[in-house]
Amino acid sequence: LFVLTYSSDQSFIIPLPCRMESSCLDLALEGERLCKAGDYRTGVSFFESAIQVGTEDLQILSAIYSQLGNAYFHLQEYNKALEYHRHDLTLTRTIGDEVGEAKASGNLGNTLKLLGRYDEAVVCCQRHLEITRAIYDKVGQARALYNFGNVYHAKGKSICWTGADPGEFPEEARVALRKAAQYYEANLSLVQVLGDRAAQGRTFGNLGNTYYLLGEFEMAVAAHEKRLLIAKEFGDRSAERRAHCNLGNANIFLNQFEVAADHYKRTLQLARLLKDRAVEAQACYSLGNTYTLLQEYARAIDYHVKHLEIARELNDRVGEGRAYWSLGNAHTALGNHQQAMYFAEKHLEIAKETGDKSSEDTARMNLSDLRLVVGLKSNSNIHPSIFRNTNINSPLLPLSYQHYPKLSGSLDTIGEDGFFDLLSRFQGNRIDDQRCSLLDDQSPLPAHSSPSHTPPVAERKSISECETPLQDPGHFLELLASSQARRLDDQRVSMSHFPGLRLNMPHTHSLYSHLEASAEQTEGDDVFFDMLVKCQGSRLNDQRCTAPPCTTKGPTVPDEDFFSLILRSQSNRMEEQRVLPPGITQSKPD
């Protein structure tokens with residue numbers, strides 16, 4: 001007997017095939033072995049070779065499609081994954097394999113989710129759930145509910161694009177996130193009954209992230225603490241590290257800064273244990289900003305310097321820019337304005353280099369305010385002798401900053417509150433800068449991606465004929481009938497639609513008969529494909545406007561940008577405790 005896995009979580013037994021089939025099966029089994037070992041690229045080459053050899057066994061072919069789709073998924077080649085998962089879905093439906101159809105629907109839904117096609121993904125997840133319920137497959141139901149939650153979670157995050165803090169999302173995003181939470185809760189009920197602790201851990205983590213986005217931080221903490229407990233049970237250091245990081249983020253919004261710092265320190269320890277330098281830098285970045293919130297600026301500077309060192313080591317220019325920005329803000333709070341100006345200039349230099357207009361504007365405002373504070377009125381070189389060697393190969397810090405003394409002593413009149421005042425001003429325009437702008441005189445999509453760029457079949461037949469009125473009204477009906485006939489042909493089961501299906505066999509006639517009989521049966525679940533067609537139709541309108549380009553994110557900058565956390569946490573203090581730079585008097589109200 002040969003065992004060939006046709007999904008990421010299920011295997012089926014294939015009887016010993018005849019000699020002519022062994023080559024295809026052997027290639028597929030070797031591809032599966034390589035994928036399980038993590039060598040997906042080589043595994044794909046074996047699966048593709050198996051398809052070239054071909055087989056008349058539809059179950060083997062379905063298994064190859066599924067494994068090939070999963071391999072491309074792991075390689076992040078999602079369009080190729082989508083192609084093979086579609087082949088698998090069509091084939092399993094054709095041969096009446098409900099279990100295979102359920103798995104194919106789930107795989108297709110996951111792939112569509114990552115391609116941002118959420119409505120289609122929901123249809124596939126619904127089909128997955130319906131079949132597993134019909135055949136009383138509790139494990140399959142749990143997996144379908146989990147996939148459903150993932151789709152709605154991703155949809156909720158995508159609606160917001162950038163610039164929104166947790167709990168401040170549009171209503172459409174909140175609805176999607178609420179649905180995600182409901183499906184995760186339903187999944188938890190099942191996996192707890194099944195006693196699947198690993199699945200419980202994954203769901204608690206995703207549920208915590210969903211509650212975090214909804215602004216329900218206490219519930220997020222409760223979910224992440226359970227996730228942390230299960231990760232420790234399994235000795236899963238990576239999951240433990242993620243749980244500590246998520247707990248730190250949630251506690252920041254609960255104003256539990258000391259608790260958050262403890263979680264970030266544990267995150268840092270685990271990142272070093274796992275030898276993950278990028279995550280280590282992220283933890284330093286988070287700790288630096290947490291100590292800024294605690295107004296322990298000297299400790300904040302220590303962590304930001306460590307972040308800067310790793311960012312330069314990994315050639316992460318975006319991360320370097322954030323480190324310089326953070327260092328500038330911390331030195332501003334300490335009254336070290338000359339050093340703050342150096343870091344602001346470095347921030348501006350990197351913002352220009354990376355094309356980050358929002359950061360460039362912020363850096364310019366930083367410099368403008370700092371020049372005002374130190375009394376510089378011109379744009380001349382502000383550090384001719386103190387800050388030398390600022391090229392890319394120079395030391396991390398200015399000469400006067402290396403071996404800097406312990407930062408203590410009195411602050412000048414800008415003080416700690418002035419730091420948050422400056423920070424508020426610097427960040428004030430970021431959200432507006434990141435909004436999607438619809439210009440009447442500018443097409444939001446490139447020409448080649450326009451939904452209407454490719455004319456319909458009837459139009460493509462003869463564009464020139466359509467430029468003049470048709471004299472015979474019957475000609476229009478002929479065109480319409482011709483177009484409809486082609487559509488019917490397109491929807492028929494074609495052997496050529498299944499790559500790797502070998503038809504030059506003695507049993508080809510019976511195979512044709514079986515497929516045609518299956519295709520001609522009218523089933524109630526044809527609604528599934530009807531819903532997919534409707535989703536495809538609605539995508540035209542969805543593609544009229546593209547999202548603004550994503551801000552470049554460096555590997556050493558965490559997903560949770562702490563400047564928004566600082567602003568949120570300090571928002572009440574900003575308006576009440578503003579401090580003007582020295583030499584400027586505040587006019588009294590009339």
Side-chain angles (χ1 to χ4, degrees), residues 164-168 204-232 237-274 276 278-308 310 319 322-323 325-327 329-330 333 416 419-420 423-424 427 553 556-574:
D165 284 342
E168 298 181 355
F204 275 125
N206 286 0
L207 188 60
N209 291 336
T210 304
Y211 283 135
Y212 173 84
L213 291 173
L214 286 167
E216 299 177 10
F217 303 114
E218 291 180 353
M219 296 184 72
V221 166
H224 285 307
E225 284 177 344
K226 292 176 182 176
R227 178 44 176 146
L228 179 60
L229 179 64
I230 295 173
K232 289 180 177 178
R237 297 295 192 185
S238 295
E240 188 180 341
R241 192 269 305 164
R242 290 193 300 271
H244 277 297
C245 182
N246 289 329
L247 282 165
N249 294 340
N251 276 287
I252 286 288
F253 280 98
L254 292 172
N255 292 324
Q256 300 295 321
F257 302 141
E258 292 284 2
V259 176
D262 290 340
H263 284 296
Y264 290 132
K265 286 176 183 176
R266 184 59 182 151
T267 302
L268 180 59
Q269 292 171 357
L270 289 167
R272 287 172 175 166
L273 184 65
L274 295 167
D276 190 332
V279 173
E280 182 182 342
Q282 292 178 20
C284 290
Y285 179 84
S286 298
L287 278 164
N289 284 291
T290 303
Y291 281 115
T292 294
L293 289 169
L294 289 167
Q295 301 179 34
E296 298 182 28
Y297 302 114
R299 296 182 73 178
I301 287 172
D302 286 339
Y303 282 110
H304 285 311
V305 168
K306 291 174 183 175
H307 173 213
L308 178 61
I310 300 175
R322 288 302 172 91
W325 187 1
S326 302
L327 285 165
N329 288 330
E416 2 177 286
F419 161 65
F420 289 109
L423 192 57
S424 177
Q427 296 288 323
K553 178 189 174 299
T556 67
V557 180
D559 291 332
E560 297 299 332
D561 189 338
F562 261 78
F563 285 103
S564 63
L565 305 188
I566 292 174
L567 287 176
R568 183 185 179 91
S569 179
Q570 298 291 333
S571 58
N572 293 331
R573 301 179 63 224
M574 289 180 181

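For the single chain, residues carry numbers from 1 onward in sequence order.
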Give me the atom names and distance for the closest heavy-atom approach of [X] to [Y].
X	Y	value
A220	A250	CB-CB, 4.4 Å
S286	P558	OG-CG, 3.9 Å
I252	F257	O-CE2, 3.4 Å
G288	A300	O-CB, 3.2 Å

How long is the gap from [atom1] on [X] to [atom2] on [Y], to the nearest 0.5 Å?
X	Y	atom1	atom2	answer
H263	Q256	NE2	CD	10.0 Å
K265	L270	NZ	CG	14.5 Å
Y212	N246	OH	CG	8.5 Å
R242	T267	CZ	OG1	11.5 Å
Y211	M219	OH	CE	3.5 Å
T556	Q282	OG1	CD	7.0 Å

L229, L207, L247, N251 screened by side chain to side chain contact (heavy atoms under 4.5 Å, CB included) with H224, the one that passes: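 One option only clears the test, and that one is L247.
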
Can you tell me if D302 and Y297 form a side-chain donor-acceptor pair at under 3.5 Å?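 Note: D302 and Y297 side chains miss the donor-acceptor criterion.
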
With a sphere of 6.0 Å drawn around CD of Q269, does it hold more than 12 non-hydrogen atoms of other residues, nucleotides or ligands? yes

Hey, is NZ on K306 packed in by over 12 heavy atoms from elsewhere, all under 6.0 Å? yes

Is D276 reaching over with its side chain to a backbone N or O of V279, donor-acceptor style, under 3.5 angstrom? yes

Which class fits the ring pair F253 and F217: parallel under 30°, tilted 30 to 60°, perpendicular over 60°?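 Rings of F253 and F217: parallel, as their planes differ by under 30°.
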
Counterpart residues, side-chain hydrogen bond (donor to acceptor under 3.5 Å, both in side chains), relative to H304 (two or more places apart):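 Once residues adjacent in sequence are excluded, H304 has no partner under the side-chain hydrogen bond (donor to acceptor under 3.5 Å, both in side chains) criterion.
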
Qualifying residues under side-chain hydrogen bond (donor to acceptor under 3.5 Å, both in side chains), relative to E280, sequence neighbours excluded: R272, R277

Starting from the C-alpha separation in whole Å, work towards a yes-or-no answer on side chain to side chain donor-acceptor pair (under 3.5 Å) for Y264 and N249. CA-CA 9 Å; Y264 290 132; N249 294 340; 2.5 Å; yes

Any Lys/Arg nitrogen of R227 or E240 sitting under 4.0 Å from an Asp/Glu carboxylate oxygen of the other? no

Could you go through the side chain to side chain contact (heavy atoms under 4.5 Å, CB included) check for N329 and T292 one step at a time? CA-CA 9 Å; N329 288 330; T292 294; over 6 Å; no

Could you check S238 against L274 for side chain to side chain contact (heavy atoms under 4.5 Å, CB included), going step by step and ending with a plain yes or no? CA-CA 8 Å; S238 295; L274 295 167; 3.9 Å; yes

Y291 and Y303: CA distance, side-chain angles, deciding distance, side chain to side chain contact (heavy atoms under 4.5 Å, CB included) verdict: CA-CA 9 Å; Y291 281 115; Y303 282 110; 3.6 Å; yes

